[in-house]
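So the structure is just underneath, and the comments pick up after that.
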There are 2 protein chains.
Amino acid sequence: MHKYSGETRLLVATDCIIFGFDGANIKLLLVQRGLEPEKHKWSLIGGFIKPTESPEDAANRVLELRTGLKNVYMEQFQVFGKPERDPVERTLSVAYFALIDIHQYEAQLSEEYHPEWFLLDEMPDLIFDHNEMVRLAKRQLRYKAALHPILFQLLPEKFTIPQLQALYEGVYQTKFDDRNFSRKLLSTGLLVKLPEKDKLSSKKGAFYYKLDQSHYEENFESFLNLVPNPDKFF
Amino acid sequence: MHKYSGETRLLVATDCIIFGFDGANIKLLLVQRGLEPEKHKWSLIGGFIKPTESPEDAANRVLELRTGLKNVYMEQFQVFGKPERDPVERTLSVAYFALIDIHQYEAQLSEEYHPEWFLLDEMPDLIFDHNEMVRLAKRQLRYKAALHPILFQLLPEKFTIPQLQALYEGVYQTKFDDRNFSRKLLSTGLLVKLPEKDKLSSKKGAFYYKLDQSHYEENFESFLNLVPNPDKFF
DNA sequence: ACAAAAGTGTTCTTTATACACCCATGG
DNA sequence: CCATGGGTGTATAAAGAACACTTTTGT
């Protein structure tokens, strides 16, 4: 069984920083830890890697178990491995961040684990090094979103330009000029205008758009400059 | 000892993709594997994580053991964790890429493990998934170097603009316009002109420059556009 | 004197920013 | 009819790309 003799085997977990957007604010999905120590303290959604699964598999399994959601945008961003990070027993954690459409999630709520959404600035203190994980995930999200169109993963299929702008403004905690924002986003060619309007948030109504899926996939790796003055956010 | 009962512990290694630059070409440092299977086949430099060290610690320890070098620029970039990636026993690997000044290395050569430098296009086939690790490390290097001034880590303290350009051209396997290149690099304010010239590579001689260390550290996270048309490299 | 590499300047095009008005509609 | 949010246009500034000639000096 153990063929590299003399080496120490370690527990390896995945933890997932799950971002959601409710149309107005960015939120984070947290659960209460089910075991001692720090039982009932808030925690990221995570779990141990099983012998037959990759870290990706584990992250997807845990995410589905806790939220009911599959095929979620997820990105590995850092291994956390300080020997003392989990006081129970040494555990490495492969951290992922995930982006989900918060309304789609609500429909599939996993009753058993009752996770809850928190506003970024109303988050409770988290167990272990999870606060640090969140800090770095937010940073990574800003970094990646400044260059690549990942934030669409947080929106429903149909969305308006004002919604999209609110999303970017939430991520970067700032206001962008509407005229320049819509021009920039439209100029990427990623958006397809739909004939319908969203009449909920204004009298005039705002046109819905959807992603041009093939254009999106082709240009995903390109360096798009989606955020003005990105430097100031790092 | 094992306090999370019922969970499986795994071997965790680090592997390091070590890039060097000899003034003309980018190279990769490889060693021959010391144990079966695939003994004597070429491999990245790596080793198992010990119970008391973080992945970073392990990567640094292994690097020093094999090359004699400390305080090397190193960046974690991906965990490789397919269950079958090491046929001997399941092993996760935390991959790092490192950038070192090849001439500094030569002075500190570790006799015991006789690692060797290979040109990127003359590399032997590597064990396990190390070919894939190298592919992704090259990609990551290009990505990061297009935005941040990391390639200076591959040069000696004093370097000339033509050397710097040859380095960038090596990383991106293309030619850049000299006039635009030097203007762009000088405009970053990262370079300090020295009064001496390097007379080895031309009759006229090229002025040496060094990094403005404080400016370098302050601007490291900024989005610099160091590479023309970066999109085409991904 | 010439070959070989270093260094510098100008124009043009593209992109980014700043800013101000008209539009559509529900109440 | 007017308040509210949606949508568009233009002028200026900055950055990027393309391109050609002069300088230095070892041989």
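As a basis for the values below, the full set of heavy atoms in this structure was taken, side chains included, without hydrogen atoms, waters or symmetry mates. Since the structure is predicted, the reported quantities are computational estimates derived from the model, not experimental observations. Every chain is numbered from 1 and lettered A, B, ... according to where its sequence line falls, protein lines coming before strand lines.
We find that OH of B/Y209 is positioned 12 Å from P of C/dA6, with the value rounded to whole Å. The CG-P distance, from A/D231 to C/dA16, rounds to 14 Å in whole Å. The separation between B/K175 atom NZ and C/dA5 atom P is 11 Å, rounded to whole Å. Rounded to an integer number of Å, the gap from B/N180 CG to C/dT14 C1' is 14 Å. In this structure, B/R179 places its CZ atom 11 Å from C1' of C/dT10, rounding to the nearest Å. What separates CG of A/L186 from P of C/dT15 is a distance of 15 Å, to the nearest Å. At whole-Å resolution of the value, CZ in B/F176 and P in C/dG7 are 19 Å apart.
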* Would you sort out whether A/Q173 and A/R142 count as a side chain to side chain contact (heavy atoms under 4.5 Å, CB included), showing the intermediate values? => CA-CA 10 Å; A/Q173 287 295 298; A/R142 285 183 170 191; 3.9 Å; yes
* From CA spacing to verdict: side chain to side chain contact (heavy atoms under 4.5 Å, CB included), A/F128, A/D15 -> CA-CA 12 Å; A/F128 305 167; A/D15 285 297; over 6 Å; no
* Asked: Given A/H130 and A/R33, is the side chain to side chain contact (heavy atoms under 4.5 Å, CB included) satisfied, shown in steps?
  -> CA-CA 12 Å; A/H130 288 196; A/R33 180 170 163 91; over 6 Å; no
* **Worked check of side chain to side chain contact (heavy atoms under 4.5 Å, CB included) between A/F152 and A/L167** => CA-CA 9 Å; A/F152 294 97; A/L167 170 54; over 6 Å; no
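Applying the 6.0 Å contact sphere to CG of B/N71 captures no more than 12 heavy atoms from other residues, nucleotides or ligands.
Aromatic ring centres of B/H148 and A/Y143 lie closer together than 6.0 Å. Under the 6.0 Å cut-off for aromatic ring centres, B/Y168 and B/F181 qualify, their centroids lying closer than that.
Taking CG from B/L164 and CG from B/L191, the interatomic distance works out to 6.5 Å, rounded to the nearest 0.5 Å.
Taking the side chain as every heavy atom from C-beta outward, A/D198 and A/Q163 approach each other to under 4.5 Å. The shortest side-chain heavy-atom distance between B/Y209 and B/L186 falls under the 4.5 Å cut-off. Side-chain contact check for A/Q32 versus A/E116: every heavy-atom pair is 4.5 Å or farther apart.
Within residues 197-207 of chain A, the residues having any heavy atom closer than 4.0 Å to DNA chain D are, in order of number, A/S201, A/S202, A/K204, A/G205, A/A206, A/F207. Residues from residues 158-174 of chain A lying near DNA chain D, meaning a heavy-atom separation below 4.0 Å, are A/P162 in numerical order.
In summary, contact between chain A and DNA chain D, defined as any nucleotide atom under 4.0 Å from a heavy atom of the protein, begins and ends at D/dG5 to D/dT10 in the 5' to 3' direction.
Positionally, the nearest nucleotide of DNA chain D for A/K193 lies more toward the 5' end than for the other of B/N225 and A/K193. Two residues, B/P228 and B/D178, neighbour DNA chain D, and the one matched to the more 5' nucleotide by heavy-atom proximity is B/P228.
Between A/N229 and C/dT17, a side-chain N or O to OP1/OP2 separation shorter than 4.0 Å is present.
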